[in-house]
Each structure stands twice: as structure tokens, then as C-alpha cells.
Undergrad: 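Would you mind keeping the following structure in view while I ask a few things?
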Amino acid sequence: MAYKIVFFGTSDFSTPSLEALLKDARFEVVAVVTKPDAPIGRHQTLTPPPVKVIAQEHGVPVFQFEKIKTDETYQILRQTQDDKEVEAYVVVSYGKIIPQRILDLPKRGCINVHGSLLPLHRGASCVQAAIAEGDQKTGVTVMLMDAEMDHGDVLAQKEIEIGPAETGGELHDRLSQLGAETLPDVLAGYLDSNITPQPQDHSLATYCKLLTRDDGKINWTKSSSEIERLVRAYNPWPGTWTEWDGKRLKILKTSSSDLTSPKSPGEPHIQDDSLVVSCGDGKVLEISELQPEGKRIMTAKEFIAGHR
RNA sequence: CGCGGGGUAGAGCAGUUGGCAGCUCGCCAGGCCCAUAACCUGGAGGUCGUCGGUUCAAGUCCGACCCCCGCAA
């Protein structure tokens, strides 16, 4: 008899975990809860979350609640609980705070997959935070959810090394895969009562906030290594940028440079066939990939060819 | 009809009051050199996004449309 599961998730981080559960005979995903279709892109095309697409391909019922905290939402989920006797909720990058009375519905609680080694980097931008902070390693944590964000008892953790040139996007993809590989056995182990939840050491907790594009504006008074990490961490989301000539200049990739620059920090310029900026520590960062406002992404070489 | 930038050689860009289509990089050939992504000489490569209009003459002015991108969400 398969364990009945309701899956909460929305983003691309969620999809590998959902697929792992769907193809695992130990579980039966009886419903998927995801955010409503949202207008996306320049033309505001109404687009379903990727999780919804996968659920529909597998014929799993989908709920898309406008508001999760309403009585109506609660009643619908309680009805599902009464009908199906759901064992556990699995929450992976759902995108909304789930109120306690809903967390209390499933028989064995709610399991969350988080993209960091908790108690480090609690919050919404854990992948970016790990790179930006200069961590050597990160990983995924499978945990029981409680009232506080990313605060519950840990069921399992898996570590991976962060590559020296790895971007947030690359790490995001690796972690979502790692989460999907880890989740099924841990979930089964917990439901079979073979895993004992371990409390986190809350004194070591760090937090990261939800990022917006404005967070990607580079503060050039920081050190060159900090800025290099930020550029990597925030690629592709939310991206990093600076003002140049009154326009926005997105910075996709940087590398350290041996050059010295007479310009003050934050003034990009061409020097020795390189596009460089000096930083707060006096060192120089070479911009190797960029996107001027209104233009496509290009290499520094291409950019320089048209700007000498 | 949310605001804005753009489409010119393979890439990135310039192109003035309409008057021979240019620059940098790359590419090809040759030269120089112990050698080179360096340097020198030469060369190829264009339906100026599409369609229509104005004009003796349109990359340039007018109109419509297509496509790419930044902001916003």
C-alpha cells in the first residue's frame, strides 16, 4: 500500500522532486498544490507553473489557491484529507507561507526540501546566499516543517562542493536534482519510522531574504572577491548590474585581473583590450560577459569591438 | 494598446543638412619572426529587418508590419 502524499511546489526547483515521487511506487501523489498561473515576461502571458504542467501530464489533480490562509482553502484541503487520509505533505519551493492549521492536516506532518545545509541560509534565496557568502560547500536538507521558517527537525542532509566558478543557476539545478535523489528514501524512512528527526542548532542559524532585481545593483566599494561572488551567485536571478552612462549595464560574468586602474571604483572602462572596473579593495575586476540596456548578451570582446 | 532602447558585412558598432556604405574584431591569402592570439601588406564578405510612400536621388524623411532586448510584473 503506497503512502498517500500531497505535493506543494511551484518553481523549477520543485519539479525534479515531484517527478521522483511520481515514479516511485512507494508513494501515491493524490494532489498537487501550486501557485496560480501568473503573467510572465514582457507580454505578460499567463503561464502555468512548471509543477502544474507535470502534474497534469500525470493526471494528478491540481489546486491553485489564490489565498492559502482563507477558510475556503482550509476546507478544501481538509476535505481531501478526510477523503484520502493523506500521510504527509511534501513541500518544495511552494512560494507561500503555509498556515499552521494546514500543516496540521496530514497524519504524519509536512516534509520540506530546502536548498541549503540548515540551520545555514534559512529563507528564500538560500542558493544565492551560499555562493555570495563564499561557502565551500552547501547541500540540501530534508526536514519536518514547524511554525517557523526552515526551523523544523532535520531528517537528512546531503552535501556538495560549490565549484569555484559555479553560478547560482548551475548550483540551483544541481541542488534540485540532489533534493530529488534524496527525498524518496528519506520520506519512506521517516514514514516507516526508521529515521529519528534531529533538532537544528538554532544558535547557528543564518537568514536570507527574498531577492528582487534591485538587490542586484553592485556596490563597488565592496571587495573584488565579494563582488565576483555576488555576480556568480545572482546569475541568472536576480542578475547584477551597474549604472553606466545613465543606462543600466547588466554584468553576467567577471574574473579577477592583475591590472591596476586609475579610475575610481564603479567606473567601467576599456584598458589593455579588457573591460575593467576597480573595486573597493583597490583590485580590478574584469568584466567578461555583459548586457547593455536594450542589447543582447555579449562577450566583453564583442562589446569592446564596437566601443573603441 | 504599460514605459523605453534597438535591427547596417560572420560579431560588435558609426553613418552629419537625403548625395560613392564605413570603423574595430574575426575570416582568407601573403609577408615578417626562433615563435605567436603580436606586427606589416593585400583580399573576400551588404537585398542597410520587411512592405509601401515622398524624391532626380532614401541606411537617412513618412506610414504600416515583423523581430530582439532593458524596465515593469
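Letters go in sequence order (proteins before strands), and every chain restarts at 1.
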Undergrad: Between K52(A) and Q64(A), do the side chains contain an N or O donor and an N or O acceptor separated by less than 3.5 Å?
TA: yes
Undergrad: We want to know whether S264(A) and E267(A) form a side-chain donor-acceptor pair, criterion being a heavy-atom distance below 3.5 angstrom.
TA: yes
Undergrad: With distance as the sole criterion, do the side chain of R42(A) and the base of G70(B) form a donor-acceptor contact below 3.5 Å?
TA: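 Such a pair is found, so the answer is yes.
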Undergrad: Rounded to the nearest angstrom, tell me the gap between atom CD1 in I40(A) and atom P in A73(B).
TA: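 Roughly 14 Å, once rounded to whole Å.
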Undergrad: Between U8(B) atom C1' and K295(A) atom NZ, what is the distance in whole Å?
TA: 11 Å
Undergrad: Rounded off to whole Å, could you give me the CH2-to-C1' distance for the W241(A) and A72(B) pair?
TA: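 Whole-Å distance recorded here is 13 Å.
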Undergrad: How many Å lie between CZ on F303(A) and P on A14(B), as a whole number?
TA: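 To the nearest whole Å, that distance equals 11 Å.
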Undergrad: Nearest whole angstrom, please: distance from the P of A11(B) to the CD of E302(A).
TA: 9 Å
Undergrad: To the side chain of A305(A), which of G5(B), G26(B), A11(B) is closest?
TA: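 Shortest atom-to-atom distance from the side chain points to A11(B).
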Undergrad: Name the pairing partner of U41(B), where a pair is Watson-Crick or G-U wobble with both distances under 3.5 Å, or state none.
TA: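 WC or wobble partner is A29(B).
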Undergrad: Answer with yes or no whether the side chains of D150(A) and H121(A) bring together a donor and an acceptor at under 3.5 Å.
TA: no
Undergrad: Between C13(B), A73(B), G5(B), which one does the side chain of K247(A) approach most closely?
TA: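 Of all the options, the side chain of K247(A) is nearest to G5(B).
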Undergrad: With P as the reference atom in both, quote the distance from G7(B) to G12(B) in angstrom, rounded to an integer.
TA: 11 Å
Undergrad: What nucleotide, of G26(B), G70(B), G12(B), holds the atom closest to the side chain of Q291(A)?
TA: G70(B)
Undergrad: Check whether any side-chain nitrogen or oxygen of R248(A) sits under 4.0 Å from OP1 or OP2 of C71(B), and answer yes or no.
TA: yes
Undergrad: Would you call the rings of F8(A) and Y89(A) parallel, tilted or perpendicular if under 30° counts as parallel and over 60° as perpendicular?
TA: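 Taking Y89(A) first and then F8(A), their aromatic rings sit tilted (interplane angle of 30° to 60°).
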Undergrad: Rounded to whole Å, please give me the gap between CZ in R296(A) and C1' in C71(B).
TA: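 Between C1' of C71(B) and CZ of R296(A): 20 Å.
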Undergrad: From CG of L290(A) over to P of G70(B), roughly how many Å is that when rounded to an integer?
TA: 13 Å
Undergrad: Which residues, if any, of residues 249-261 of chain A bring a heavy atom under 4.0 Å of RNA chain B?
TA: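 Correct list: K250(A).
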Undergrad: Within 45° of the six-membered ring axis of Y3(A) and under 6.0 Å from that ring's centre, is NZ or CZ of R26(A) located there?
TA: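 Judged by the rule (NZ or CZ under 6.0 Å from the ring centre, within 45° of its axis), R26(A) is not positioned above Y3(A).
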Undergrad: Report the distance from atom CD of Q200(A) to atom CG of L118(A), rounding to the nearest 0.5 Å.
TA: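 Going from CD on Q200(A) over to CG on L118(A), the span is 4.5 Å.
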Undergrad: Quickly work out the I270(A) CD1 to C13(B) P distance and round it to whole Å.
TA: 12 Å
Undergrad: Check this for me, if you would: do E87(A) and K4(A) make a salt bridge, where the nitrogen-to-carboxylate-oxygen distance has to be below 4.0 angstrom?
TA: no
Undergrad: Using atom P of each nucleotide, how far apart are A21(B) and A9(B) to the nearest Å?
TA: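 Each nucleotide's P atom is 15 Å from the other's.
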